[in-house]
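Here, residue 1 is the first one in the sequence, and each next residue gets the next number.
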Amino acid sequence: MARAISCDKCGAKLRPGRDRCPRCRAFIAMPDPARQRETSRRLGRITAATAGTFLVLLAALWVWREWSAPRSAAKSAAASVAAPRAVPEPVAEPARPLRQIGRDRPFLDAKSAGAAAYQEGDYAAALADFQAALEKNPQDTDALSNLGQVLVRMNRPADAIPYLTRAASLSPDRWAYQFNLARALGLVGRLDESIQGYRRAQELFPNDYVTTFNLALSLHKHGDDAAAVDQYQKAINLQPDDASFRKALAISYERLQKGAEASSAYQEYLRLSPAAPDADKVRARISELTGALVPSS
């Protein structure tokens, strides 16, 4: 049976094939059968595609649920088993031996590793590294000098002297080698040689106040306070703010029985270091030298 059609103007239902509406007498547009069939086919294709997409999504959802369900169950089971276990308290790692701190550096050669260990205060490791460097090159002056310095740090200046002597003889123009040797010689009481070493170092680096002060101190220990005063004054000119230089100068002046000069040097010491631990003793000594009380700062 043919489907009824509607009047576009008044909405009355009409049998197919009429050209006018019996109610409002309006003309009825006749539908094109071919166009209707094409429209119907297009709607069918769209419906089929939509249904196919829906079925694919539904299948994907089912597969995902089937795959994830066992994993979720496994996680839940693991959580339920692990839950009663107590969490252990954190335990502090024991401190590594100093030899290991910063020492695992395979990219460093023995001399560089020794320098790193020396900076870390690991003198035993530094000693071994510098010895290894000298096994490879016995004429390595840096390794010789550094090995000597390590031995001095380990309170073994007598053992250090042969290495320092070799470094200084191989490179006589290096100030540091002459200074280090002179210092080690002084530590073992070989003052004549120490003074000579400091004089060589002073020639190479005349403006170094530490070299000049150490030379003055060695001269004082050797009993040559007149020469010591001269060197102390040079050190003060190079580093005028160092209070300890003034005190050392005052002590040498006292040995030379120059009370006024000693008192003046002591007063300079107190001016530069008024809160020094020995300030009261120094004031008392000034009073003894001058016969006058020295007020506290």
Side-chain angles (χ1 to χ4, degrees), residues 98-224 227-228 230-232 234-235 238-239 242 244-245 248:
L98 190 58
R99 180 72 171 87
Q100 296 179 8
I101 301 176
R103 299 283 301 123
D104 298 329
R105 300 187 179 100
F107 54 87
L108 291 182
D109 57 27
K111 191 163 64 173
S112 300
Y118 182 86
Q119 292 297 322
E120 294 165 357
D122 190 355
Y123 300 129
L127 182 66
D129 287 328
F130 288 130
Q131 287 172 335
L134 286 175
E135 287 178 4
K136 292 182 178 180
N137 181 10
Q139 306 302 313
D140 188 330
T141 53
D142 282 340
L144 286 166
S145 182
N146 290 340
L147 179 55
Q149 284 292 90
V150 170
L151 289 167
V152 169
R153 286 281 187 174
M154 298 174 75
N155 296 318
R156 295 168 56 186
D159 295 332
I161 289 173
Y163 298 102
L164 297 173
T165 301
R166 284 173 58 194
S169 61
L170 288 169
S171 296
D173 294 333
R174 287 285 297 273
W175 163 81
Y177 297 170
Q178 301 296 338
F179 179 93
N180 292 339
L181 175 58
R183 180 169 177 268
L185 290 167
L187 290 173
V188 297
R190 293 163 61 175
L191 293 175
D192 285 332
E193 297 169 88
S194 177
I195 291 168
Q196 292 175 10
Y198 280 128
R199 289 197 185 279
R200 285 192 294 269
Q202 191 180 54
E203 290 173 0
L204 295 170
F205 195 174
N207 292 327
D208 181 56
Y209 62 87
V210 177
T211 300
T212 302
F213 177 77
N214 283 11
L215 172 58
L217 196 59
S218 294
L219 290 165
H220 166 74
K221 291 178 179 178
H222 196 253
D224 191 352
D230 180 58
Q231 295 299 326
Y232 282 137
K234 288 181 180 179
L238 292 170
Q239 184 69 9
D242 195 313
S244 65
F245 292 2

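- A distance of 6.5 Å separates CG in Asp192 from CD in Gln196, rounded to the nearest 0.5 Å.
- The two residues Pro206 and Thr212 make their nearest non-hydrogen contact at O-OG1, 4.2 Å.
- Put simply, CG on Leu215 and OG on Ser194 are 8.5 Å apart, with the number rounded to the nearest 0.5 Å.
- In this structure, a donor-acceptor pair under 3.5 Å is absent between the side chains of Tyr198 and Arg183.
- Here the side chains of Leu134 and Tyr163 are in contact, with some heavy-atom distance below 4.5 Å.
- In this structure, Leu164 and Ser145 have side chains that are in contact, with non-hydrogen atoms separated by less than 4.5 Å.
- At least one side-chain heavy atom of Leu170 sits less than 4.5 Å from a side-chain heavy atom of Gln139.
- Residues His220 and Tyr232 have side chains in contact (heavy-atom distance under 4.5 Å, counting atoms from C-beta outward).
- Two residues are said to be in side-chain contact when any heavy atoms from C-beta on lie closer than 4.5 Å; Phe179 and Leu204 fail this criterion.
- The two residues Thr211 and Ala201 come nearest to each other via the heavy atoms CG2-CB, 3.9 Å.
- For the pair Arg174 and Tyr177, the cation-pi criterion (under 6.0 Å, within 45° of the ring axis) is fulfilled.
- When all heavy atoms of Val188 and Ala158 are compared, the closest pair comes out as CG1-N, 3.8 Å.
- Contact of the Tyr118 side chain with the Asn146 side chain is not registered, since no non-hydrogen atoms from C-beta on lie closer than 4.5 Å.
- The closest side-chain donor-acceptor pair between Gln231 and Gln202 falls under 3.5 angstrom.
- In plain terms, the two heavy atoms of Leu144 and Pro138 that are nearest each other are CD1-O, 3.9 Å.
- No donor-acceptor distance shorter than 3.5 angstrom exists from the side chain of Ser171 to the backbone of Ala168, with no hydrogens or angles considered.
- For the atom pair CD1 of Ile195 and NE2 of His222, the computed distance is 5.0 Å after rounding to the nearest 0.5 Å.
- Looking at Gln178, its side chain never comes within 3.5 Å of a backbone N or O of Asp173 through a donor-acceptor pair.
- A 4.5 Å side-chain heavy-atom check between Arg199 and Leu219 finds at least one atom pair inside the cut-off.
- Atom CG of Leu217 sits about 9.5 Å away from atom CG of Leu191, to the nearest 0.5 Å.
- Ring centroid separation for the pair Phe245 and Phe213 comes in under the 6.0 Å cut-off.
- Interatomic distance, CG of Leu147 versus CD of Gln131, reported as 5.5 Å (0.5 Å rounding).
- For the pair Asp142 and Asp140, the tightest heavy-atom approach, listed with the atom from each and the gap, is N-OD1, 3.1 Å.
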Between Arg190 and Glu193, does a salt bridge (charged side-chain N to carboxylate O under 4.0 Å, His left out) hold up when you go through it step by step?
CA-CA 6 Å; Arg190 293 163 61 175; Glu193 297 169 88; 2.8 Å; yes

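- Of all heavy-atom pairs between Ala216 and Ala228, the closest is O-CB, 3.4 Å.
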